[in-house]
2 protein chains.
Amino acid sequence: MASEPAETTNLAAGSDALLPSTATSNTRQSRVRKREDAIIAAGRHVFTTHGYARATMAMIAREAGVADGTLYTYFENKDALARGVIADYYARLTATAKQGVDNRRTTRTRLDFLARHHITSIMEERGIIEMLPVLTSSLSDFSEDELYGLNKTYVAVFDTLIRDGRASGDIPGDADVAVLRDIFFGALDYGARSSLLRSSRKGARKADVTRLVDRLVGMIIGGGASTGSLADRLEAVIDRVEIALKKVDN
Amino acid sequence: MASEPAETTNLAAGSDALLPSTATSNTRQSRVRKREDAIIAAGRHVFTTHGYARATMAMIAREAGVADGTLYTYFENKDALARGVIADYYARLTATAKQGVDNRRTTRTRLDFLARHHITSIMEERGIIEMLPVLTSSLSDFSEDELYGLNKTYVAVFDTLIRDGRASGDIPGDADVAVLRDIFFGALDYGARSSLLRSSRKGARKADVTRLVDRLVGMIIGGGASTGSLADRLEAVIDRVEIALKKVDN
DNA sequence: TTTGATTGAATTACTATTCAGTCATGCGCG
DNA sequence: CGCGCATGACTGAATAGTAATTCAATCAAA
């Protein structure tokens with residue numbers, strides 16, 4: 001946990017974002033914080049493997065090494081605990097995404113990184129994301145929910161990337177950023193799910209990811225798979241005419 | 001329910017796919033079937049509005065107009081009932097998708113229809129789809145699950161469309177169909193969710209859908225988002241030529 | 001009359017949550 | 001310096017509420 005390669009994509013556990021992480025400190029405060037971390041880590045694991053409904057407070061307590069009741073001094077209830085887990089997840093996801101993007105130069109490598117980073121994280125902790133609908137349903141004013149804000153902050157990394165890419169001329173077109181966002185994250189989320197279902201071997205999954213990311217990035221950077229030059233499109237049209245004419249011959 | 005416009009996109013309720021629907025028949029068999037339909041309809045409504053966890057068997061029974069215990073003569077348990085609802089949903093979704101595609105000529109209009117059809121259905125009955133993760137988690141061999149098969153049959157409509165489009169030269173490139181599928185359905189699912197959260201007005205949501213679908217179809221067909229270009233006009237001409245040729249064939 | 005569907009009150013299971021009691025820490029005071 | 005108390009953390013058995021599920025009794029069609 002101490003010497004983390006700065007460039008890695010995965011979201012190692014534990015939220016040591018704040019405080020100077022004095023590993024030796026043993027004050028009351030620090031122990032409380034450690035415990036909170038342990039509970040969140042346990043929650044992440046249990047929720048990820050069992051899903052919100054099947055996960056029980058008892059499981060989480062046991063895994064965190066505390067009594068059932070202790071959970072309630074840290075989180076008001078199961079719902080709040082799950083939200084805590086998600087908040088921690090988003091915090092790490094956003095931080096590593098930002099960092100990775102800042103470390104690259106070109107729009108293409110940045111986009112490529114962000115795509116891989118997202119789909120990889122999703123695949124590793126799919127269960128976390130799947131709790132979102134359960135927690136937010138029956139919430140008419142979702143825009144006031146903290147989770148909405150966390151997600152917004154996260155996707156802002158993408159939005160900024162697109163705007164910068166446009167400003168520098170790397171990304172053609174002027175489609176609504178929201179549309180590109182839907183396509184980008186939607187494809188990655190769906191791709192993560194289907195790859196996990198389809199391929200059991202890790203190597204196969206990696207290939208799935210590469211294929212999808214390459215195509216997706218190409219579509220966004222290239223303004224469409226076949227850049228849509230007039231000549232290209234005319235050629236496609238000519239092909240169709242020829243095929244149609246063939247029918248006439250028969 | 002009797003005189004349904006053939007061209008509509010929405011998935012009217014009730015699964016009258018099979019049997020000649022003798023509205024007057026009053027045999028034991030027919031009443032049993034009617035009751036099953038009522039239960040599925042009630043389940044669909046309750047699950048959609050409350051989500052799997054908050055929906056109770058009592059609610060569904062009340063809404064279906066039967067006693068709690070009756071549900072168990074039709075479905076083994078809550079899980080099976082939810083699966084029944086999903087199966088019915090997929091059956092209708094697939095049927096209307098196929099029908100709509102078959103009713104159009106060009107690859108572009110077919111793809112456009114399929115995209116709108118999908119996102120519209122999702123937006124209307126989002127809760128149904130969100131039950132999937134809950135029901136399938138803890139299922140290591142998902143590929144053996146019936147729901148997997150239903151989904152596969154549904155997306156096959158897209159796969160066929162892409163292959164046909166390629167054969168006729170409408171769709172350039174030779175990227176893995178699975179990749180296009182991830183992008184297509186992923187973007188639509190994600191777009192449905194974010195539009196529902198973002199826009200409360202129905203008109204705004206409609207605009208969201210149009211923007212996303214146009215862009216997405218453009219990306220796959222390769223035409224880009226631009227409209228009214230020379231190429232578009234040529235394509236329109238070709239459509240007319242093809243239709244004219246059909247008439248010649250007859 | 002038989003047979004299968006239907007009923008809904010009773011049962012069962014499960015778990016989130018509470019709380020009275022225990023414990024440990026760190027601080028103030030002798 | 002060391003002692004004991006006040007404070008807050010921690011414990012886990014008991015509670016409480018919720019629904020899923022069962023089943024003996026009833027009903028209605030064939």
Side-chain angles (χ1 to χ4, degrees), chain A residues 19 22 24-47 49-86 127 131 134-135 137-138, chain B residues 22 24-86 127 131 134-135 137-138:
Chain A
L19 97 161
T22 42
T24 42
S25 103
N26 206 22
T27 149
R28 204 159 187 154
Q29 281 294 324
S30 83
R31 246 169 314 115
V32 162
R33 178 159 273 138
K34 244 182 231 159
R35 204 147 247 204
E36 179 160 345
D37 287 353
I39 289 172
I40 285 191
R44 171 171 51 244
H45 182 234
V46 174
F47 283 131
T49 50
H50 297 90
Y52 182 80
R54 293 185 206 277
T56 71
M57 296 301 265
M59 283 179 196
I60 297 171
R62 183 152 42 79
E63 191 157 323
V66 301
D68 294 9
T70 304
L71 298 181
Y72 291 85
T73 63
Y74 289 88
F75 296 95
E76 178 146 359
N77 51 34
K78 187 181 179 183
D79 209 90
L81 174 44
R83 282 161 177 277
V85 168
I86 294 178
M131 290 199 295
V134 180
L135 294 175
S137 77
S138 82
Chain B
T22 43
T24 42
S25 104
N26 205 21
T27 149
R28 200 158 190 153
Q29 280 294 324
S30 84
R31 248 171 312 113
V32 161
R33 177 160 274 137
K34 244 184 232 161
R35 204 145 247 206
E36 179 160 343
D37 286 353
I39 290 172
I40 285 191
R44 172 173 50 247
H45 182 235
V46 174
F47 282 131
T48 300
T49 51
H50 296 89
Y52 183 79
R54 292 186 207 278
T56 71
M57 295 301 266
M59 285 178 193
I60 297 171
R62 182 152 42 79
E63 191 156 324
V66 300
D68 294 10
T70 305
L71 298 181
Y72 290 86
T73 63
Y74 289 89
F75 296 96
E76 178 146 358
N77 52 34
K78 187 180 179 183
D79 209 270
L81 174 44
R83 282 161 178 277
V85 169
I86 294 178
M131 291 199 293
V134 180
L135 295 174
S137 78
S138 83

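Atoms considered below: every heavy atom in the structure, side chains included; atoms not considered: hydrogens, waters and symmetry mates. Numbered from 1 within each chain, the chains take letters A, B, ... in sequence-line order.
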Taking only residues two or more places apart in sequence or in another chain, which ones pass side chain to side chain donor-acceptor pair (under 3.5 Å) with A:E76? none

Would you indicate what A:A55 reaches in the nucleic acid, counting non-hydrogen atoms under 4.0 angstrom: base, sugar-phosphate, or nothing? sugar-phosphate

Residues forming a side chain to side chain donor-acceptor pair (under 3.5 Å) with A:D79, sequence neighbours excluded: A:R83

Under the rule for side chain to side chain contact (heavy atoms under 4.5 Å, CB included), what residues qualify as partners of A:A38, not counting sequence neighbours? none

Rounded to whole Å, please give me the gap between NZ in B:K78 and P in D:dA19. 8 Å

Expressed as a whole number of angstroms, how long is the span from A:N77:CG to C:dT18:P? 8 Å

In short, the helix from C:dT1-D:dA30 to C:dG30-D:dC1 is bent end to end, axes from five pairs each side, to 10°, by 0°

Take atom NZ of B:K34 and atom C1' of C:dT6, then tell me their distance rounded to the nearest Å. 17 Å

Protein within reach of the bases, or only the backbone? For nucleotides 8-14 of chain C, mark each nucleotide 5' to 3' as B, S or -, using heavy atoms under 4.0 Å. B------

B:M57 and its side chain to side chain contact (heavy atoms under 4.5 Å, CB included) partner, picked from B:D68, B:N77, B:L71: B:L71

Atom-to-atom span, OH of A:Y72 to P of C:dA16 - whole angstrom: 6 Å

Value in whole Å for how far the P atom of D:dA19 lies from OH of B:Y52: 13 Å

Starting at atom CZ of B:R54, determine the distance to atom C1' of D:dA19, rounded to an integer number of angstrom. 14 Å

Within less than 4.0 Å of OP1 or OP2 of C:dT6, is there a side-chain N or O belonging to B:R35? yes

Does any pair with a residue in residues 51-83 of chain B pass ring-ring contact (aromatic ring centres under 6.0 Å, His included), and if so which ones, sequence neighbours excluded? B:F47-B:Y52

Between B:A55 and B:K78, which heavy-atom pair has the shortest distance, and what is it? O-NZ, 2.8 Å

Once rounded to the nearest 0.5 Å, what's the spacing between atom CD of B:E36 and atom OG1 of B:T73? 9.0 Å

Is the shortest side-chain N/O distance from B:Y74 to OP1 or OP2 of C:dA5 below 4.0 Å? no

Is there side-chain contact between A:V85 and A:R44, with heavy atoms separated by less than 4.5 Å? yes

When the distance from CD of B:E76 to C1' of D:dT22 is rounded to whole Å, what number comes out? 13 Å

Tell me: CD of B:E36 to C1' of C:dT6, nearest whole Å? 16 Å

How long is the span from the CD1 atom in B:I86 to the CD1 atom in B:I40, to the nearest 0.5 Å? 11.0 Å

